[in-house]
Asker: 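Below is one structure. I have some questions about it.
Quick caveat: nothing in here was measured; it's all calculated off a predicted structure. As a basis for the values below, the full set of heavy atoms in this structure was taken, side chains included, without hydrogen atoms, waters or symmetry mates.
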Amino acid sequence: MKNTRNDLDNLMYKDYILLIARELNQNSFKNDQGREYEVGTNVHGDFVSVFSRGFVLSIKDPKAIEFLKRVGLLNNGRCPLTGLMLSPATTTTYTSEYGSNIQYDINKKWLDYTKEKKNWGCFISLAVLIIAIIVGIINGFDTSIYVIGGIAILALILSVMYGMSNFGNNWNKLNLSNEIGINTVTLNYMAKIWNDNADKGVFRQKAIANENPVADMNAFENWVNG
C-alpha cells in the first residue's frame with residue numbers, strides 16, 4: 001500500500017484531497033466529462049473546502065474509487081468527507097448516489113453534520129400569525145387577537161435574527177476553514193475543544209481523542225497562536 005494511515009494523519013486536509021486528485025490524474029483516470037480531476041478553488045485559485053469536501057462525493061467511476069483504496073487514500077483511516085480520522089467505533093460505509101458499487105469508509109460524524117437543521121421557530125410563529133389573522137377576519141379583531149398576533153410577530157422576528165446569527169457564524173467558519181486549508185467539520189470540532197480547553201496539552205490530547213488529524217491540529221494551533 002502506497003500510503004499509510006500515519007501518512008494521512010500527517011497531511012492537512014487540502015493536501016489530502018489534492019493528493020487524491022493528483023493520483024487519479026497521474027494514473028490516467030478521467031472524470032465523467034472526460035477531463036482531469038480538479039479540486040474546487042475560488043476565482044483566486046485558493047483551496048475552497050466547501051467544494052473540496054464534495055470532491056470524492058462527485059467521483060462516479062467505481063474503478064477510480066477502488067484504485068484509491070489500493071493506494072491507501074480511501075478505507076485507510078481517514079474520512080474524505082469530514083477530514084477526520086477513523087476508528088472502528090466511528091467508521092461507517094458510504095454508498096454513492098451514483099451506484100451501489102461505489103462505496104468507501106467515512107466518519108459517522110458526517111451523517112450528523114449533514115442533517116438538515118430547520119428553524120422551526122419561524123414556521124411556528126408564521127403559522128400562529130396566519131391563524132390569528134384568519135380568526136380575526138372571521139370573528140372580528142378583538143384584544144386577544146391583537147395580543148396573539150403581536151406575540152407571533154415578535155417570535156418571528158427573534159427566530160429570523162437567530163437564524164441569521166447562525167448563518168453568519170457558519171459563514172465565518174467556512175472562510176476560516178478555507179484560509180487554514182482544513183475541513184469545516186474538523187474546524188467545528190477543534191474550535192469547540194479549544195474554547196473548552198485552551199491549555200495546549202489538554203487541547204491536543206482531546207483533539208486527538210476526537211479523531212482530529214495531527215496536521216490539521218497543528219495548522220489550527222498555528223492560526224490561533226499566530
Side-chain angles (χ1 to χ4, degrees), residues 1-86 91 93-99 101-107 109-111 113-114 170-191 211-220 222-223:
M1 189 175 289
K2 190 173 181 179
N3 299 278
T4 66
R5 176 189 171 92
N6 188 60
D7 292 334
L8 303 187
D9 198 10
N10 285 283
L11 280 176
M12 285 181 60
Y13 181 69
K14 70 173 183 179
D15 296 325
Y16 171 49
I17 296 299
L18 289 169
L19 178 59
I20 288 177
R22 187 163 63 248
E23 285 285 354
L24 290 175
N25 292 333
Q26 288 179 350
N27 287 274
S28 302
F29 287 96
K30 304 294 181 184
N31 63 22
D32 58 311
Q33 296 176 332
R35 301 173 182 170
E36 287 194 337
Y37 284 94
E38 295 182 0
V39 175
T41 57
N42 61 20
V43 293
H44 305 294
D46 301 321
F47 177 84
V48 182
S49 66
V50 69
F51 296 123
S52 304
R53 187 168 63 227
F55 176 74
V56 174
L57 283 173
S58 69
I59 298 177
K60 301 178 181 180
D61 183 359
K63 292 182 179 179
I65 293 295
E66 291 306 312
F67 167 77
L68 293 173
K69 292 177 185 178
R70 288 198 302 273
V71 297
L73 290 174
L74 291 180
N75 289 18
N76 195 25
R78 189 161 188 181
C79 173
L81 308 186
T82 64
L84 296 167
M85 301 304 290
L86 298 170
T91 300
T93 300
Y94 177 82
T95 301
S96 172
E97 62 182 276
Y98 301 120
N101 58 343
I102 301 177
Q103 297 183 333
Y104 43 88
D105 292 343
I106 64 168
N107 195 299
K109 291 175 182 175
W110 168 257
L111 305 178
Y113 187 78
T114 54
N170 290 335
W171 179 255
N172 289 335
K173 285 184 177 178
L174 175 60
N175 287 335
L176 177 58
S177 171
N178 295 336
E179 176 186 338
I180 301 176
I182 63 179
N183 191 292
T184 47
V185 181
T186 308
L187 175 62
N188 283 338
Y189 281 104
M190 283 197 289
E211 301 173 325
N212 292 281
V214 171
D216 286 351
M217 183 172 57
N218 291 339
F220 178 80
N222 289 336
W223 176 83

Asker: Shortest non-hydrogen contact from Pro80 to Val56?
Answerer: CB-CG2, 3.8 Å

Asker: Looking at Glu23 and Lys2, what are the two nearest heavy atoms and their distance?
Answerer: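 That closest heavy-atom pairing would be OE2-NZ, 2.7 Å.
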
Asker: Is there a donor-acceptor pair under 3.5 Å between the side chain of Asp15 and the backbone N or O of Leu11?
Answerer: no

Asker: Under 3.5 Å, is there a donor-acceptor pair between the side chain of Asn183 and the main chain of Leu81?
Answerer: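 Yes, because the side chain of Asn183 sits within donor-acceptor range (under 3.5 Å) of the backbone of Leu81.
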
Asker: State whether the side chain of Arg78 and the backbone N or O of Leu84 hold a donor-acceptor pair below 3.5 Å, judged by distance alone.
Answerer: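 No: the side chain of Arg78 does not pair with the backbone of Leu84.
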
Asker: For the side chain of Arg5 and the backbone of Leu86, is there at least one donor-acceptor N/O pair under 3.5 Å apart?
Answerer: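 Judged by distance alone, yes, a pair lies under 3.5 Å.
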
Asker: To the nearest 0.5 Å, tell me how far Leu74 CG sits from Ile106 CD1.
Answerer: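 Reported value, rounded in 0.5 Å steps: 11.5 Å.
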
Asker: Please lay out, stage by stage, how Asn3 and Leu19 fare under the test side chain to side chain contact (heavy atoms under 4.5 Å, CB included).
Answerer: CA-CA 11 Å; Asn3 299 278; Leu19 178 59; 4.0 Å; yes

Asker: Tell me, do Tyr189 and Glu211 make a side-chain contact under 4.5 Å, heavy atoms counted?
Answerer: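 Counting from C-beta outward, Tyr189 and Glu211 never come under 4.5 Å.
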
Asker: Between Cys79 and Tyr16, what is the shortest heavy-atom contact and its length?
Answerer: O-CE2, 4.1 Å

Asker: Measure the CZ-CG distance between Arg70 and Asn75 for me, rounded to the nearest 0.5 Å.
Answerer: 12.5 Å

Asker: Between Thr186 and Tyr13, is any pair of side-chain heavy atoms under 4.5 Å apart?
Answerer: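 Not touching, per the 4.5 Å side-chain cut-off.
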
Asker: Drop me the distance from Gln33's CD to Glu38's CD, to the nearest 0.5 angstrom.
Answerer: 9.5 Å

Asker: Could you list the residues that satisfy side chain to side chain donor-acceptor pair (under 3.5 Å) with Lys60, not counting sequence neighbours?
Answerer: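 Here the qualifying residues are Asp32.
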
Asker: Which heavy atom in Leu57 sits nearest to a heavy atom in Trp110, and how many Å separate them?
Answerer: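 Heavy-atom minimum between the residues: CD1-CZ2, 4.0 Å.
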
Asker: Strictly below 4.0 Å, N to O, side chains only: are Lys63 and Glu66 in salt-bridge contact?
Answerer: no

Asker: Side-chain contact test, heavy atoms from C-beta onward, threshold under 4.5 Å: evaluate it for Ile182 versus Asn212 and give yes or no.
Answerer: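 Result no, sub-4.5 Å side-chain heavy-atom pair not found.
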
Asker: Nearest 0.5 Å, what's the CD-CD distance between Gln26 and Glu36?
Answerer: 9.5 Å

Asker: Just jot down the side chain to side chain donor-acceptor pair (under 3.5 Å) partners of Asp7, sequence neighbours excluded, or say none.
Answerer: Thr4

Asker: Going by ring-ring contact (aromatic ring centres under 6.0 Å, His included), name the residues that satisfy it together with Tyr98, two or more places apart in sequence or in a different chain.
Answerer: none

Asker: If we only count heavy atoms from C-beta on, is the Leu24 to Ile59 side-chain gap below 4.5 Å?
Answerer: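 The answer is yes; the side chains approach within 4.5 Å.
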
Asker: Side chain to side chain contact (heavy atoms under 4.5 Å, CB included) between Asp61 and Phe67: does it pass, once the steps are laid out?
Answerer: CA-CA 10 Å; Asp61 183 359; Phe67 167 77; over 6 Å; no

Asker: Does any part of the side chain of Asp216, heavy atoms only, come nearer than 4.5 Å to the side chain of Phe220, both counted from C-beta?
Answerer: no

Asker: Closest approach of Asp9 and Pro213, non-hydrogen atoms and distance?
Answerer: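 Nearest pair, atom of Asp9 first, then Pro213: OD1-CA, 3.1 Å.
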
Asker: Counting only N and O atoms by type, is there a donor-acceptor contact under 3.5 Å from the side chain of Tyr37 to the main-chain atoms of Lys30?
Answerer: yes

Asker: Asn107 side chain to Met85 main-chain N or O, any donor-acceptor pair under 3.5 Å?
Answerer: yes

Asker: If we only count heavy atoms from C-beta on, is the Ile102 to Thr95 side-chain gap below 4.5 Å?
Answerer: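 They are not in contact (no side-chain heavy atoms under 4.5 Å apart), so the answer is no.
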
Asker: Over all heavy atoms of both residues, which pair between Ser96 and Tyr94 is shortest? Give the atoms and the distance, please.
Answerer: CA-CE2, 3.6 Å

